[in-house]
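All figures in this text were calculated on a predicted structure; none of them were measured in a lab.
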Amino acid sequence: MRFGVVRFPGSCDEVDALEACRRVGDAEILWHADPDLGGVDAVVVPGGFSYGDYLRVGAIARFSPVMESVIAFAREGGPVLGICNGFQVLCEAGLLPGALLPNVGLRFLCRQLDIEVVDTDTAFTRACAPAEALSIPAKHQAGRYHAPGDVRVAFRYAHDGNPNGSSNDIAGVANEAGNVVGLMPHPEHAVDELTGSTDGLALLRSAVGLARA
Amino acid sequence: MRARVLIRPKEGILDPQGVAVERALPALGFSGVANVHVGRLVELDVEDVSQLEAMCEKLLANPLIEDYSIERPDAAPQPQDAGPEAPRR
Amino acid sequence: MRARVLIRPKEGILDPQGVAVERALPALGFSGVANVHVGRLVELDVEDVSQLEAMCEKLLANPLIEDYSIERPDAAPQPQDAGPEAPRR
Amino acid sequence: MPDAAALPTVDDAVALGLTRAEYALIAEKLGREPNEVELAVFSLLWSEHCSYKHSRALLRTLPTEGERVVMGPGENAGAVDVGDGWAVAFKVESHNHPSAVEPFQGAATGVGGILRDVFAIGARPIAVLDSLRFGEPTSARSRFLLDRAVAGIGHYGNSVGVPTVGGEVFFEGSYEQNCLVNAMALGLARREDMVRSAAAGVGNVVVLFGASTGRDGIGGASVLASAELGEADEDKRPTVQVGDPFAGKKLLECSLELLDRGLLVSLQDLGAAGLTSSSAEMASKGGVGVDLDVARVPLREEGMAPFEIMISESQERMLCVVEPARVDEVLAVCAKWEVHGSAIGSVTDTARLRVLDGERVVGDMPVVALVDDCPLYELRPQRPSGPLYRAPAGSLAAGASVRETLLALLGSPNIASRLPLYEQYDWLVQSRTVRRPGQADAAVLAMPGGGAIAVAIDGSGRRVAADPYTGTVEAVLECAANLACVGAQPLGLTNCLNFANPEKPHVAWQLSESVRGLGDACRALAVPVVGGNVSLYNEGAEGPIYPTPVVGMVGELPDPARAGRSGFAREGDVVALVGPFAPVLEAGELAKLRGDALPVALPEVDVRPARTTQAAVRDAVRAGDLCSAHDIAEGGRLVAVAESCLAGATGARLAARPLAALATALTPRGRAGRAASRAQDGVPEPLAAALFGEAPGTGFVVSGSQEALDRLGARTPVVELGTVGGDVLAVGDDLSVALGELAEAHAALGPLFP
Ligand SMILES: Nc1ncnc2c1ncn2[C@@H]1O[C@H](COP(=O)(O)OP(=O)(O)O)[C@@H](O)[C@H]1O
Ligand SMILES: [Mg+2]
């Protein structure tokens with residue numbers, strides 16, 4: 001199993017995502033200007049501030065050459081995970097429904113919180129138990145999910161812990177086919193007890209198809 | 001040709017920035033203000049004005065959450081406008 | 001009275017957003033675009049228009065790094081303007 | 001060579017901040033009158049900021065040597081060896097004046113600037129800390145400054161992917177008109193990959209890379225511009241620099257890739273004074289000359305004069321020296337990261353900084369004159385005969401009970417929870433943060449070799465105002481105590497000296513006493529000073545700021561899994577006071593709430609026993625013996641216990657007797673008079689001192705098993721205070737406060753960030 005982790009100018013969590021993927025498989029960086037995905041089995045679009053988040057979060061990154069290929073890869077059923085800024089990019093790219101708006105409080109917020117797994121039938125939740133709560137940090141300034149209608153909810157903020165005013169406490173969604181998943185919290189930052197939690201590994205294990213440890 | 005694009009939060013979508021401004025004004029002694037909305041302003045020189053619409057659809061605005069309108073101040077200058085800016089790089 | 005305030009980075013002040021948008025456009029197949037600047041748009045109903053200037057100085061704009069201009073679309077409608085907006089909320 | 005028609009006058013020099021004597025000296029060194037470019041360059045390099053003309057002699061007294069020092073003062077950042085071939089670089093820097101003008105951009109560019117100092121020596125930035133001082137939050141302006149400065153720090157740090165892992169904020173009236181915004185950055189590098197800034201290799205190429213150059217931050221030099229721009233164009237010279245973290249992030253990655261590929265001879269960031277100071281310092285350190293062609297500098301604005309290009313403070317730029325054969329490769333890496341890269345000059349053997357505008361020479365100055373010949377000034381320290389600072393407005397009613405006092409202290413702006421502030425910072429990116437804000441007294445970061453480092457930043461202006469020498473010793477002790485709480489041993493220290501006008505004798509006295517304290521404390525703790533920064537002339541119309549030396553310390557611990565925490569964790573653990581703790585109320589937080597004036601001096605601190613205690617606590621934490629360790633700081637012992645309760649979300653029951661005993665023990669320390677005068681108050685004075693008195697860096701509240709505390713007691717004084725458990729903080733039968741009530745009081749800063 002080989003993950004490709006996209007790096008845009010302004011990406012911040014790509015190295016953490018890379019290392020997190022390496023805990024469950026192989027992983028390499030995909031450079032934004034290079035449309036060649038190098039035959040990876042799954043793509044992670046990581047967090048950060050691609051293109052400074054200027055204009056609108058995720059707006060400019062979605063047009064990079066690598067994203068053209070990621071879109072094609074996703075349309076063919078390839079597993080794609082968007083984390084935080086990556087989620088915003090996937091929404092802008094039309095791979096996921098909806099859009100991410102500025103937090104209701106307008107401030108950047110960084111906190112460890114719990115999310116509940118709503119849908120265990122996606123490429124990145126198969127290894128999770130239904131309604132399982134995962135302790136994962138979130139950090140963003142534009143995480144208020146706006147759903148255009150019925151969407152396939154993958155994760156919700158648990159225990160009234162919605163940090164951003166997201167509609168229906170939605171923390172993450174999947175496309176209809178379930179191969180593309182995006183969420184605001186950061187599973188790649190929950191892979192080591194030393195730094196707080198290992199709950200995020202379940203998402204990556206799901207993609208690998210491993211049973212949960 | 002100088003053009004400007006005004007981008008606003010779509011109707012029905014919460015605009016916390018507008019709310020924050022509306023709340024802050026009375027504290028500063030301003031009253032009688034309502035319906036505040038905060039959006040973005042993009043100003044640019046375009047050779048081919050007909051491209052503007054496509055630029056907005058593709059990049060400048062997200063139609064799911066934003067409305068936009070295109071204006072060409074040169075075509076009908078506003079009395080209060082500061083006038084065309086000096087070219088910069 | 002509906003009014004709008006256009007807030008722009010002051011001349012000479014770095015406008016990183018404008019630079020980013022200007023760089024992105026050619027990659028999308030749009031050419032001939034220059035001098036892109038990104039600012040903010042505030043639209044509001046005010047009872048007393050004479051207060052607007054003070055509101056800008058005190059809250060809406062940061063006079064150190066931003067210029068602003070006040071427009072009243074109702075007073076001089078733009079041909080391309082979408083017209084007066086429907087009241088929201 | 002100079003264009004006689006346009007020569008500036010001595011009055012222009014004075015307007016630029018030089019003295020007439022300095023102007024004469026410049027003319028003497030040049031052998032002629034300086035032209036516009038030269039005067040601009042000299043005025044900046046001979047400014048306090050670049051030349052340290054009032055502080056250099058003092059800084060030379062600081063201890064800078066140590067086994068683990070990899071780079072000491074003199075480079076862009078200092079660095080210490082953290083084992084396994086790795087070094088940690090760190091430095092703190094002020095951005096006080098820009099932040100007072102425009103707090104968001106001022107603080108943001110402050111973070112950008114200190115990050116550049118760190119990657120300029122080839123270290124990848126791994127952490128930021130901030131040290132902030134504002135006027136009282138009752139002032140709307142102070143609340144605004146705080147809110148925007150915090151947003152600005154987050155804006156830059158979060159966007160470039162460097163975690164902000166710690167910091168401090170204090171509110172005092174003396175900062176009302178002159179806030180302090182200091183930022184510290186840490187970076188990680190392989191020892192052998194670190195790079196210096198000395199230019200070398202005659203014939204090598206000087207490359208400028210990063211953002212384009214505009215008229216940022218050159219407002220002060222506009223006196224020179226009369227020839228170029230009319231009065232009406234005045235606002236074309238913004239003094240506010242706008243940070244662009246996106247450009248900063250690309251610059252960071254670009255710089256590290258250039259170094260990684262071994263393409264650079266040397267590297268230097270452009271900070272204050274832009275190209276001027278970076279080129280002059282690179283030349284000076286290498287003992288070479290540099291030619292620069294300003295016509296090759298990519299500009300953001302049209303019509304910039306050569307002097308403007310030389311002194312522009314546009315952000316997100318670096319200067320490097322490259323062998324000619326490598327230039328193309330360097331420019332290709334710049335292109336990859338979408339930053340401008342331009343060969344703008346060369347290294348020469350002339351020992352002169354020559355500024356060209358195309359073919360035309362527009363400035364020609366000996367490097368030695370620029371960097372080394374600035375006159376140094378002797379301070380004329382004089383101890384002030386009367387109080388310099390007004391007594392604070394008291395807010396605590398006379399006769400307040402222990403309970404009321406405790407809650408008032410917990411809710412005081414200087415003690416209340418900083419959560420609403422640090423939640424705005426990404427403290428976790430890069431996956432190293434083992435102890436984050438709110439969990440421990442120092443941040444702990446895992447290192448690649450398997451160990452960890454800890455870092456903290458401290459400084460109490462109020463105590464330094466009361467006693468510059470002792471207050472500074474305490475700041476160093478307290479910072480080391482914070483490291484001890486997580487099990488870390490100090491490796492090196494950086495500092496930022498924020499003081500008022502040093503030409504005033506009493507400020508000179510504060511500064512020299514403080515530096516003496518800094519040096520003595522560092523020697524006593526065997527911690528070398530590896531770098532720092534000096535920010536002078538911090539005063540408002542109402543008077544000087546509290547003298548505020550801020551110290552940042554980096555330490556190491558072997559096992560990140562055993563890093564200490566500040567919160568009580570295990571029901572039934574013994575709570576104990578550790579150390580030679582001899583608290584006093586003077587200059588403490590309670591004194592402030594009572595509206596007491598500052599004392600004329602603080603009791604002397606004996607560093608040796610404090611050092612022994614810190615070592616004992618450190619070892620106990622490392623051994624996994626203690627469940628929690630927290631140093632007693634603002635608000636004293638009872639506040640420290642309450643903080644450990646809150647951090648661990650558990651209560652504690654303290655026995656009244658040991659406290660009463662401590663209170664009696666305190667009485668003989670000469671406070672009988674005051675005790676009598678306060679006798680009608682709710683809390684008898686000795687008890688108040690015991691519960692709420694302060695003695696920074698000398699006492700700890702810890703929890704652990706009885707056996708663990710017995711072991712600790714064999715090395716250092718340990719007084720058992722009670723046990724962990726329940727959902728109240730209780731003292732004997734007299735006091736019982738529910739955790740929820742403590743938490744509510746502690747959450748007082750929330751409304752500052754609506
Ligand atoms: N208070 C201080 N203690 C120790 N070293 C200091 C202090 N202030 C400045 N220095 C050292 O002097 C040198 C110049 O500092 P500075 O001008 O702030 O550097 P830069 O221009 O890179 O920001 C640095 O090496 C710095 O570490
Ligand atoms: Mg430097």
Side-chain angles (χ1 to χ4, degrees), chain B residues 2-12 14-15 17-19 21-22 24-25 27-48 51-52 54-55 58-60 67-73 75-83 85-89, chain C residues 1-9 11-12 15 17-19 21-22 24-25 27-49 51-52 54-55 58-60 67-73 75-83 85-89:
Chain B
R2 193 83 182 146
R4 67 157 78 129
V5 179
L6 306 180
I7 302 154
R8 321 176 161 87
K10 226 187 171 97
E11 198 176 326
L14 177 68
D15 170 18
Q17 287 202 64
V19 175
V21 170
E22 202 165 318
L25 284 169
L28 297 174
F30 300 108
S31 57
V33 178
N35 287 318
V36 183
H37 287 286
V38 179
R40 268 196 318 277
L41 163 72
V42 181
E43 294 179 302
L44 66 181
D45 292 340
V46 272
E47 278 169 18
D48 180 359
Q51 288 193 329
L52 265 174
M55 276 184 218
K58 253 190 132 171
L59 177 72
L60 301 182
D67 285 330
Y68 64 89
S69 59
I70 297 168
E71 295 182 2
R72 284 156 42 201
Q78 291 277 320
Q80 303 92 329
D81 196 33
E85 287 166 279
R88 304 181 221 174
R89 37 167 294 171
Chain C
M1 162 71 72
R2 192 82 182 149
R4 69 157 73 129
V5 180
L6 305 181
I7 301 153
R8 321 176 162 84
E11 191 175 346
D15 173 16
Q17 299 212 64
V19 175
V21 173
E22 194 164 324
L25 284 167
L28 302 183
F30 298 110
S31 57
V33 178
N35 288 320
V36 182
H37 287 285
V38 178
R40 279 175 299 130
L41 163 71
V42 181
E43 295 178 302
L44 67 182
D45 291 339
V46 273
E47 278 169 20
D48 179 359
V49 191
Q51 288 195 329
L52 265 173
M55 282 183 213
K58 271 192 146 162
L59 180 72
L60 303 182
D67 283 332
Y68 61 89
S69 59
I70 297 168
E71 296 182 2
R72 284 155 42 198
Q78 293 276 319
Q80 302 93 329
D81 197 32
E85 287 165 280
R88 303 186 222 175
R89 270 199 303 178

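The contact between B/Ala54 and chain C is made by backbone and side chain atoms together, counting heavy-atom distances below 4.5 Å.
Among the candidates C/Asp45, C/Val46, C/Val5, the residue making the largest number of heavy-atom pairs closer than 4.5 Å to chain B is C/Asp45. The choice from C/Val19, C/Asp48, C/Val21, C/Leu25 that makes the most heavy-atom pairs within less than 4.5 Å of chain B is C/Leu25.
Atom CG in C/Leu6 sits 5.0 Å away from atom CZ in B/Arg4 (nearest 0.5 Å). Rounded to the nearest 0.5 Å, atoms CZ (B/Phe30) and CG (C/Leu44) are 11.0 Å apart.
Shortest non-hydrogen contact noted between C/Lys58 and B/Leu28 is NZ-O, 3.9 Å. Nearest approach of B/Arg2 to C/Asn35, heavy atoms of both residues: NH1-O, 2.8 Å.
Proximity of B/Leu41 to C/Ile7: side-chain heavy atoms (C-beta onward) are nowhere separated by under 4.5 Å.
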